[in-house]
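Notes to accompany the following structure.
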2 protein chains.
Amino acid sequence: MHPSPSDFRLEAVLHALSDPVRLSIIRQLAREGEATCAALDGGRPKSSMSHHFRILRESGLVKTRNEGTSHMNELRAQDLDKVFPGLLTAILNATLTV
Amino acid sequence: MHPSPSDFRLEAVLHALSDPVRLSIIRQLAREGEATCAALDGGRPKSSMSHHFRILRESGLVKTRNEGTSHMNELRAQDLDKVFPGLLTAILNATLTV
DNA sequence: TCGATTGTTCGATATTATTCGAACAATAGC
DNA sequence: GCTATTGTTCGAATAATATCGAACAATCGA
């Protein structure tokens, strides 16, 4: 469910971020540090969001922990930077300009 | 066919590179500077390669110029770095470790 | 325990991507 | 012109993704 950094695959990370919904999730997490799933849906159905969070988790981008009934999400920024140095930073910088 | 840097879209670039065939093309172009389409197919059919080159072109990653009967491809590294600073470098570095 | 809240999982559908063969341009060289 | 070479385009088949409602699981508070 949460892969270890040695199992991160570049294609999976890039694919996860090639979707506008998931890219906006990552952007918001970068701004706010962490957020629940509910705080990150843009009025979208829960089942759709759950699908996107799964892809983000399985690619290694996001770590989800249970916190009562809600699930808290945070970027795995350090793990990612260990395997793909500078990648997340470059993507977050790019989204700022757009 | 060849978008200007102001029309580059991050999602399109990430999607283009989320495919292993296209990622290997980009890697080879980064090593060799430029190469024809034929030099970049791995025995794959021409129609498949043409499809991948189109996605690479339309995302802004690759520039293709005619050179006789063959088409020469090169990375648009400078254009990309202008719009998405550090992104291509990070991706190419990542592929080296994998 | 009951009800409300938060996500996940399942199933189905619709859209999009990938792949490949075959037919089609465009060019070079004879 | 004619022919070989190099890619592109077209069409169709296959595979993968996105989307959403409905049913399900887990937790909290009263």
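These values consider heavy atoms only, across backbone and side chains, with no hydrogens, waters or symmetry-generated copies.
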### Message
Rounded at 0.5 Å granularity, tell me how far CE in A/Met1 sits from CD in A/Glu58.
### Response
8.5 Å

### Task
Mind calculating the distance between NE2 (A/His71) and P (C/dT5) to the nearest angstrom?
16 Å

### Summary
When rounded to whole Å, the CE to C1' distance for the pair A/Met1 and C/dT9 reads 11 Å

## Note on the structure
Rounding to 0.5 Å, atoms CG (B/Leu61) and CD1 (B/Ile91) come to a distance of 7.5 Å

### Task
Treat each ILVMFWY residue as a node, draw an edge where side-chain heavy atoms are under 4.5 Å apart, and state whether B/Leu92 and B/Leu40 are in one component.
yes

### Task
Ignoring backbone atoms, test whether B/Arg54 places a side-chain nitrogen or oxygen under 4.0 Å from the OP1 or OP2 oxygen of D/dG7.
no

### Query
Quick one: B/Ile55 CD1 to C/dT18 C1', roughly how many Å, whole number?
8 Å

### Query
What about A/Ser47: does its side chain form a donor-acceptor pair under 3.5 Å with the base of D/dG21?
yes

### Query
How long is the line joining CZ of A/Phe53 and C1' of D/dT19, in whole Å?
16 Å

### Query
When we call it a touch if two heavy atoms are under 4.0 Å apart, what does B/Ser70 touch: a base, just sugar-phosphate, or nothing?
sugar-phosphate

### Message
Rounding to an integer number of Å, can you tell me how far A/Leu56 CG sits from C/dT8 C1'?
### Response
15 Å

### Task
Check whether any side-chain N or O of B/His51 sits under 4.0 Å from OP1 or OP2 of C/dA17, and answer yes or no.
no

#### Entry: Presence of A/His52 side-chain N/O under 4.0 Å of D/dT19 phosphate oxygens OP1/OP2
yes

### Query
C/dG7 C1' sits how many Å from A/Leu40 CG, rounded?
13 Å

### Message
Rounded to the nearest 0.5 Å, what separates atom CZ in B/Arg22 from atom CG in A/Leu14?
### Response
11.0 Å

### Query
Any chain of hydrophobic side-chain contacts (each under 4.5 Å) joining A/Phe84 to A/Ile55?
no

#### Entry: Any B/Thr36 side-chain nitrogen or oxygen under 4.0 Å from OP1 or OP2 of D/dG7
yes

### Message
Tell me the interatomic distance from B/His15, atom NE2, to C/dT16, atom C1', rounded to whole angstroms.
### Response
8 Å

## Note on the structure
Checking C/dT5, D/dG7, C/dT19 against the side chain of B/Ser48 (C-beta onward), the nearest is C/dT19

### Query
If each of B/Arg57 and A/Arg44 is mapped to the nucleotide of DNA chain D with the nearest heavy atom, which maps nearer the 5' terminus, i.e. the 5' end?
B/Arg57

#### Entry: First encountered from the 5' end of DNA chain D, between A/Asp19 and A/Lys46
A/Asp19

### Query
Rounded to the nearest Å, what distance is computed from the CD atom of residue B/Glu58 to the C1' atom of nucleotide D/dT8?
13 Å

### Message
Heavy atoms from C-beta onward define the side chain here; which of D/dG7, D/dT8, C/dT18 lies closest to that of B/Ser50?
### Response
D/dT8

### Task
Please state whether the phosphate of C/dT27, meaning OP1 or OP2, lies under 4.0 angstrom from any side-chain nitrogen or oxygen of B/Thr69.
no

